[in-house]
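All chains are named by letter (A, B, ...) in the order of the sequence lines, taking the proteins before the strands, and each is independently numbered beginning at 1. Any value given below was found using the heavy atoms of this structure, including those in side chains, with hydrogens, waters and symmetry copies removed.
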Amino acid sequence: MNDKIVITFPDGNKKNFDKGITGYDVAYGISPALAEQALAVSLNDKVCDLYLPINENVSISILKRSAEESLELIRHDCAHVMAEAVQKLFPETQVTIGPAIENGFYYDFSRKKPFTVDDLEVIENKMHEIIDADTSFIREVWDRGKAIKHFSNIGEQYKAEIIKELPESEEVTVYKQGDWMDLCRGPHLPSTKHVGKSFKLMKVAGAYWRGDENNEMLTRIYGTAWRNDKELRTYLNMLKEAEKRDHRKIGKEMKLFTFDEEVGPGLPLWLPNGSVLIEELERLAKETEQKAGYDRVKTPHITKGSLYEKSGHLSHYKDSMFPAMDIDGNEYYLKPMNCPHHHKIYASLPRTYKDLPIRLSEYGTCYRYEKSGQLFGLMRVRSMQMNDAHIYCSEDQFKEEFLAVCKMYLKYFDIFGIEKYEMRLSLHDKDKLGEKYVNESELWIKTENLVREALEDGGLNFVEIPGEAAFYGPKIDVQVWSAIGREFTLATNQVDFAIPSKFDLTYIDKNNASQTPLCIHRAPLGTHERFIGFLIEHFAGNFPLWLSPMQMIVIPISDKFNDYAVSICNKLKDNDFRVRIDSRSEKMGAKIRDAEIDRIPIMIIVGENEVNSNTISIRRKFKGNLGSLSIEDFVDQTNQEIKTRSFTVKNS
RNA sequence: GCCAUUGUAGCUCAGUUGGCCAGAGCGGCUGAUUUGUAAUCAGCGGGUCGGGGGUUCGAAUCCCUCCAAUGGCUCCA
């Protein structure tokens, strides 16, 4: 009885087997062909080696190459094969870790001379040899002491360090492939040939040992690996398409913004076309906030250090601030956030419960010192305009105010057609109170509960992330994914329970008692820089009409119709459309082509027919020739489209 | 900030075993053409080869250094 086990198959069938049987044997029992194709088994939903002895009752499923789980195995094994190739070619290299990741894998190596892109081809060729040799992956369980000694002896200090820090409960396993081996938890494929050839080494990068910037810099090689060549090609093609949407490339093409070495890194210059985008976003935000009861304020860009000492910025946020400048013996800082100024505006008048909630908004430019290596187009800059506001309210009002802000996010996402997003509730880490976070343990817990409740009551989906809160309170970040698959925090929403009291912000409640308000920081459009960077990639530069820097272009068919075209253009300008005329002595086809390349949504073509019938002919990007109509009808239709901020044009 | 790569005309890019006045396409300018839904033809301009220093008879090309960008690491809106 002890030497028999029951294995349950995916279809629910159960069968008895001898204890110690392997997944391969089970598969072979079904059909030899299946055993040949099997890469691994899933035992009770845990992926395991095909040759691992099975000693207890389990449910099994045989994983073939086509299985979703196989991808991770292929990628992980590809990392191992790469590590072997690297050590064969460059024996002075130490190995560290090499996991499978989204779309591929990487392996971190320690070597005095970092690898360069030129090494990649050589390594790839060696990998092909290893895969062709088809050596088996063999799992061995080692004694901990023996393993540490072994890896120390062969000069693999990092591996020895990893083993030392493995929990006692965990077995130390080593996988051999031919004469090469690696410390690894597994699972692995049966042999190297199963890795296949649908992989490509992509790039080299530096990476800190254990992700800590105080540690040694290792050299990381990234690769991508897939089940077959078709998947690989699709992925590489996707990368190529994504490149075309890169906001830096489109920004240049459309003359939206620029950076200038003499101005400084991370300091964008907004060109006229890009400024239209900012102004349209502002208009949207101002309209929305006007209706939602916000008051607009303006505050200065520099401020005395003492204010930031009070707010806690100098103790918690100084690394992200530009250094102080000396003005008349006082230290002044460029503002990294608007909140202290808004607190001062709140404090400028006595407040009562009848005044609350007070919602102060500002399109303020803030300055943050970002380390040079992390600047990235418009997405990470050093000067940024925020769609910022602070809501001061009583605890009773909190939930309603908070949810109203969340709903505002959703309204914006609807306008921009943002479908994939995730709300993240970032919580504090109690081990870092007083260090990374203001030291108010009870208030943290209380506020976090308040926020969680509000989110739950509002029926909003969210995930919780420990240790990512702002220094003054929990925050809700809204992550969105751009068309290129890059992930960004666009909007942010934070609750501040600590600073209002530091600023002695008060209001008189119904019982004539003095109370401290809660403060909600919110920026639904985040910074305009990042938001626009995102929108460029999202729309691939083909903005909806209301946002388009140039909305329409009038194209006279020949010089003979220039006068008519000018009169049309003027009428459209009178209606506040952004329009220009293309009166070059070019053929119509050329003018249309240029307008298409410039991503102008509407082309207005006028020639003899239009002059005679007093009409205009409309061509729309992505739709082509729409025929002719009167200018009045066109103005009405177009106004409607702009006013409702609709986006009828789907990107292709 | 750290590791790697890159920097040539407004844009995209050739040109590197160091050697004739540094090239192309597009854009621009001028002229011709007067055009019906994605490129009319011809001519002409345009470059401190990222900045500085060095090696050399000679540097876009080799070396040093600074700046900037790109891909990552770390950090973040």
Side-chain angles (χ1 to χ4, degrees), chain A residues 106 108 111 113-120 202-222 243 246 248-249 252-253 255 258-266 317 319-320 336-337 366 368-381 384-388 468 470 475 477-479 488-494 521 523-531 533-534 555-562 584-598 603-610 617-621 623-628:
Chain A
Y106 68 77
D108 284 347
R111 181 179 180 235
K113 183 177 176 296
F115 295 108
T116 70
V117 278
D118 297 330
D119 298 322
L120 295 186
M202 303 294 282
K203 54 201 172 195
V204 291
Y208 299 107
W209 168 236
R210 305 218 146 146
D212 185 334
E213 62 181 324
N214 299 311
N215 287 344
E216 189 203 341
M217 173 70 66
L218 305 171
T219 156
R220 174 175 297 180
I221 301 179
Y222 280 97
E243 225 171 89
D246 191 304
R248 292 163 299 189
K249 182 176 153 68
K252 197 179 266 183
E253 287 167 3
K255 302 182 180 68
T258 188
F259 290 91
D260 188 291
E261 275 193 37
E262 289 190 293
V263 174
Y317 203 74
D319 288 349
S320 299
M337 295 183 190
C366 294
R368 295 183 189 170
Y369 171 73
E370 300 286 353
K371 289 189 277 183
S372 62
Q374 58 205 26
L375 298 172
F376 170 50
L378 286 180
M379 303 297 197
R380 279 297 276 285
V381 291
M384 67 212 81
Q385 190 181 341
M386 310 201 43
N387 158 242
D388 207 4
E468 293 295 323
K475 66 175 177 176
D477 283 331
V478 183
Q479 301 294 116
F488 289 102
T489 305
L490 267 201
T492 185
N493 188 357
Q494 295 141 22
H521 303 234
L525 302 178
T527 69
H528 292 19
E529 283 74 13
R530 182 175 289 183
F531 199 82
F534 173 83
I555 298 177
I557 281 177
S558 85
D559 294 359
K560 286 187 275 183
F561 313 109
N562 277 0
R584 291 175 305 163
S585 162
E586 283 287 353
K587 288 175 73 172
M588 183 193 61
K591 295 184 188 183
I592 286 174
R593 181 167 191 274
D594 290 342
E596 290 277 356
I597 289 169
D598 287 346
M603 286 151 267
I604 296 166
I605 290 151
V606 294
E608 195 174 357
N609 301 339
E610 287 74 20
S617 183
I618 305 300
R619 177 190 162 98
R620 271 198 85 142
K621 190 162 178 62
K623 289 184 183 169
N625 189 354
L626 298 181
S628 58

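Within 4.0 Å of A:Q479, counting heavy atoms only, lies no atom of the nucleic acid at all. Contact annotation for A:Y222: backbone-only contact, meaning every heavy-atom pair under 4.0 Å involves sugar-phosphate atoms and none involves a base. A:R530 comes within 4.0 angstrom of a base, heavy atoms only. At the heavy-atom level, A:G264 lies nowhere under 4.0 Å from the strands shown. Among the atoms of the strands shown, base atoms are found under 4.0 Å from some heavy atom of A:S617.
A:Y208 and A:R210 form no side-chain donor-acceptor contact under 3.5 Å, judged by distance and modelled atom types alone. Looking at A:S372 and A:Q374, their side chains never bring a donor and an acceptor atom within 3.5 Å of each other. For A:D477 and A:T489, the side-chain atoms include no donor-acceptor pair closer than 3.5 Å.
Minimum interatomic distance between A:K475 and A:E468 (heavy atoms only, all atoms of both residues): CE-O, 3.0 Å.
Comparing the P positions of B:rU55 and B:rC63 gives an interatomic distance of 15 Å, to the nearest angstrom.
Among the candidates A:N625, A:V606, A:L626, A:I604, the single residue satisfying the side chain to side chain contact (heavy atoms under 4.5 Å, CB included) test with A:S617 is A:N625.
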Polar atom pairs between nucleotides 8-17 of chain B and protein, under 3.5 Å, N or O only, would you list them?
| residue | atom | partner | partner atom | Å |
| --- | --- | --- | --- | --- |
| B:rU12 | OP1 | A:K252 | NZ | 3.4 |

Pull out every protein N or O sitting under 3.5 Å from an N or O of nucleotides 1-5 of chain B, one pair per line with the distance.
| residue | atom | partner | partner atom | Å |
| --- | --- | --- | --- | --- |
| B:rG1 | OP2 | A:S372 | OG | 2.3 |
| B:rG1 | N7 | A:G373 | N | 3.1 |
| B:rG1 | N2 | A:Y208 | OH | 2.2 |
| B:rC3 | O2 | A:G206 | N | 3.1 |

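Residues that satisfy the side chain to side chain contact (heavy atoms under 4.5 Å, CB included) test with A:N609, not counting sequence neighbours, are absent from this structure. Contacts of A:D119 classified as side-chain hydrogen bond (donor to acceptor under 3.5 Å, both in side chains), with partners at least two apart in sequence or in another chain: none.
Classification of A:R584 and A:D594 as a salt-bridged pair holds, one side-chain N sitting under 4.0 Å from a carboxylate O. Salt bridge annotation for A:K371-A:E213: present, with a cationic side-chain nitrogen under 4.0 angstrom from a carboxylate oxygen.
A close approach under 4.0 Å does occur between a side-chain nitrogen or oxygen of A:R619 and OP1 or OP2 of B:rA38.
Rounded to whole Å, atom P of B:rA69 lies 14 Å from atom CG of A:D246.
Stem analysis of RNA chain B (at least three stacked-register Watson-Crick or G-U pairs, each with both distances under 3.5 Å) gives B:1-7 with B:67-73, B:10-13 with B:23-26, B:28-32 with B:40-44, B:50-54 with B:62-66.
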Stepwise side chain to side chain contact (heavy atoms under 4.5 Å, CB included) test for A:L378 and A:R530 | CA-CA 6 Å; A:L378 286 180; A:R530 182 175 289 183; over 6 Å; no
Assess whether side chain to side chain contact (heavy atoms under 4.5 Å, CB included) is satisfied between A:R619 and A:I592, documenting all intermediate values.
-> CA-CA 9 Å; A:R619 177 190 162 98; A:I592 286 174; 3.5 Å; yes
Go along nucleotides 30-35 of chain B 5' to 3' and tag each nucleotide: B for a protein heavy atom under 4.0 Å from its base, S when only backbone or sugar atoms are that close, - otherwise.
-> --BBBB
